[in-house]
Amino acid sequence: MTTVSIIGKGNMGSAIGAIVAAGGNSVQVVGRDTSDPITGDIVVLAVPHFAIDEIVAARGADLAGRIVVDITNPLNFETFDSLVVPADGSRASELAKALPDSRVLKAFNTNFAATLAQKTIGGLPTTVLIAGDDEPAKQALADVVRAGGLNAVDAGRLARARELESLGFLQLTAAVGEQIGWTGGFALVAA
């Protein structure tokens with residue numbers, strides 16, 4: 001059994017926690033502003049991108065040696081028209097630099113909470129795309145996701161987080177612009 005700690009108590013954290021529990025794994029939910037000890041082998045940062053720096057400052061030592069999953073989409077919340085990371089970078093790569101003793105992954109940022117909870121999107125199984133440089137870490141997260149009833153696909157090295165963040169941004173702007181619903185989004189078909 002894997003223990004997954006989720007920092008953040010919003011819709012995404014709840015949906016991811018339900019997936020973890022559905023797969024028979026253990027879930028710990030930790031508020032981002034508490035000092036509760038982190039017990040998980042995998043730690044999911046289910047917070048807005050701007051909260052990551054404060055979590056790293058407060059919890060960096062606690063995250064060392066753990067798999068840390070960045071689910072954020074670093075968009076400009078004032079204008080909602082751009083990402084706030086360099087065009088050749090990602091929030092996940094910034095996180096990896098800030099946590100050199102952690103195994104950082106990018107995942108869940110191309111999913112909405114509703115499609116995680118429903119486990120389907122457009123009649124197809126919900127797929128979680130996972131990017132990272134540590135193969136055993138990616139496999140551990142994929143195992144948790146699959147045990148919870150979803151598909152998991154290895155999206156490549158952590159450098160691919162840039163494309164995942166762009167895809168997440170596109171999906172969010174489509175939902176905010178009411179082009180798609182919050183139960184819609186991108187589905188992956190493996191033929």
Side-chain angles (χ1 to χ4, degrees), residues 1-32 38-49 63 66-73 91-92 95 102-158 160-161 163-172 174-175 179-191:
M1 176 168 55
T2 301
T3 299
V4 178
S5 295
I6 299 173
I7 298 178
K9 296 184 176 182
N11 292 338
M12 285 296 289
S14 295
I16 294 167
I19 292 163
V20 173
N25 292 295
S26 177
V27 180
Q28 175 198 29
V29 179
V30 179
R32 75 181 201 210
I38 295 172
T39 61
D41 305 307
I42 299 173
V43 180
V44 177
L45 302 181
V47 299
H49 74 87
L63 299 174
R66 299 180 197 273
I67 299 167
V68 177
V69 183
D70 169 22
I71 75 163
T72 67
N73 284 304
R91 190 64 175 111
L95 180 61
S102 300
R103 299 180 290 162
V104 174
L105 302 176
K106 184 72 171 191
F108 298 108
N109 74 300
T110 60
N111 305 107
F112 289 142
T115 63
L116 291 172
Q118 294 171 358
K119 299 184 182 180
T120 62
I121 183 167
L124 299 170
T126 298
T127 298
V128 176
L129 301 172
I130 304 169
D133 293 336
D134 187 294
E135 295 299 324
K138 287 193 289 188
Q139 188 61 56
L141 181 60
D143 290 346
V144 167
V145 167
R146 289 181 183 123
L150 282 71
N151 286 339
V153 171
D154 184 337
R157 298 189 50 83
L158 192 61
R160 295 290 66 82
E163 288 79 18
L164 294 182
E165 290 175 0
S166 294
L167 186 61
F169 169 60
L170 178 61
Q171 182 172 260
L172 280 167
Q179 301 299 311
I180 63 171
W182 294 98
T183 57
F186 300 115
L188 184 65
V189 178

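What you see below is based on every heavy atom in this structure, not just the backbone, and it leaves out hydrogens, waters and symmetry mates. Predicted model, so just to flag it, every value in this text is computed and none were measured.
- In this structure, the side chain of N109 engages the main chain of L164 through a donor-acceptor pair within 3.5 Å.
- Contact annotation: the side chain of I16 approaches that of I71 to within less than 4.5 Å [non-hydrogen atoms, C-beta and beyond].
- Of the possible donor and acceptor atoms, none in the side chain of Q28 sits under 3.5 Å from a partner among the backbone N and O of T3.
- Here I121 contributes atom CD1 and T126 contributes atom OG1; the two are 6.0 Å apart, rounded to the nearest 0.5 Å.
- Judged purely by atom type and a 3.5 angstrom limit, D70 uses its side chain to pair as donor or acceptor with the backbone of A92.
- No side-chain heavy atom of T72 sits under 4.5 Å from any side-chain heavy atom of L45.
- The CH2 atom of W182 lies 5.5 Å from the CG atom of L172; values are rounded to the nearest 0.5 Å.
- Interatomic distance, L170 CG to T110 OG1, rounded to the nearest 0.5 Å: 11.5 Å.
- A donor-acceptor contact shorter than 3.5 Å is absent between the side chain of K119 and the backbone of I19.
- The main-chain N or O of I38 is found under 3.5 Å from a side-chain atom of R66 such that the two form a donor-acceptor pair.
- Side chains of D134 and I67 form no contact here, defined as non-hydrogen atoms less than 4.5 Å apart.
- Side chains of N111 and F108 form a contact here, defined as non-hydrogen atoms less than 4.5 Å apart.
- Side-chain atoms of K9 do not come within 3.5 Å of backbone N or O of R32 as any donor-acceptor pair.
- Between the S5 side chain and the G40 main chain, a donor and an acceptor come within less than 3.5 Å of each other.
- In this structure, G13 and I6 approach most closely via the heavy-atom pair O-CD1, 3.5 Å.
- The two atoms that bring A161 and A131 nearest to each other are N-CB, 4.2 Å, heavy atoms only.
- D154 places a side-chain heavy atom less than 4.5 Å from the side chain of E135.
- Taken to the nearest 0.5 Å, the CZ atom of R91 stands 12.0 Å off from the CG atom of N73.
- Between A107 and V69, the closest heavy-atom pair is CB-CG1, 3.8 Å.
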Apply the test side chain to side chain contact (heavy atoms under 4.5 Å, CB included) to residues K106 and L95: give CA-CA distance (whole Å), side-chain angles for both, the deciding distance (0.1 Å), then the verdict. CA-CA 10 Å; K106 184 72 171 191; L95 180 61; over 6 Å; no
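- The side-chain contact (heavy atoms from CB on, under 4.5 Å) with L141 is formed by just one residue from the set V4, V128, L105; it is L105.
- Interatomic distance, S14 OG to L116 CG, rounded to the nearest 0.5 Å: 11.0 Å.
- Proximity of a side-chain donor or acceptor of S102 to a complementary backbone N or O of L63 within less than 3.5 Å is detected.
- The side-chain heavy atoms of F112 and I180, taken from C-beta on, include a pair separated by under 4.5 Å.
- Closest of all the heavy-atom pairs between G8 and V29 is O-CG1, 3.9 Å.
- The backbone N or O of A114 sits nowhere less than 3.5 Å from a side-chain atom of T183 that would complete a donor-acceptor pair.
- Between L188 and N151, every side-chain heavy-atom pair lies at or beyond the 4.5 Å cut-off.
- The nearest pair of heavy atoms linking R157 to K138 is N-NZ, 4.4 Å.
- Residues A21 and V27 approach most closely at N-CG2, 3.8 Å, considering heavy atoms.
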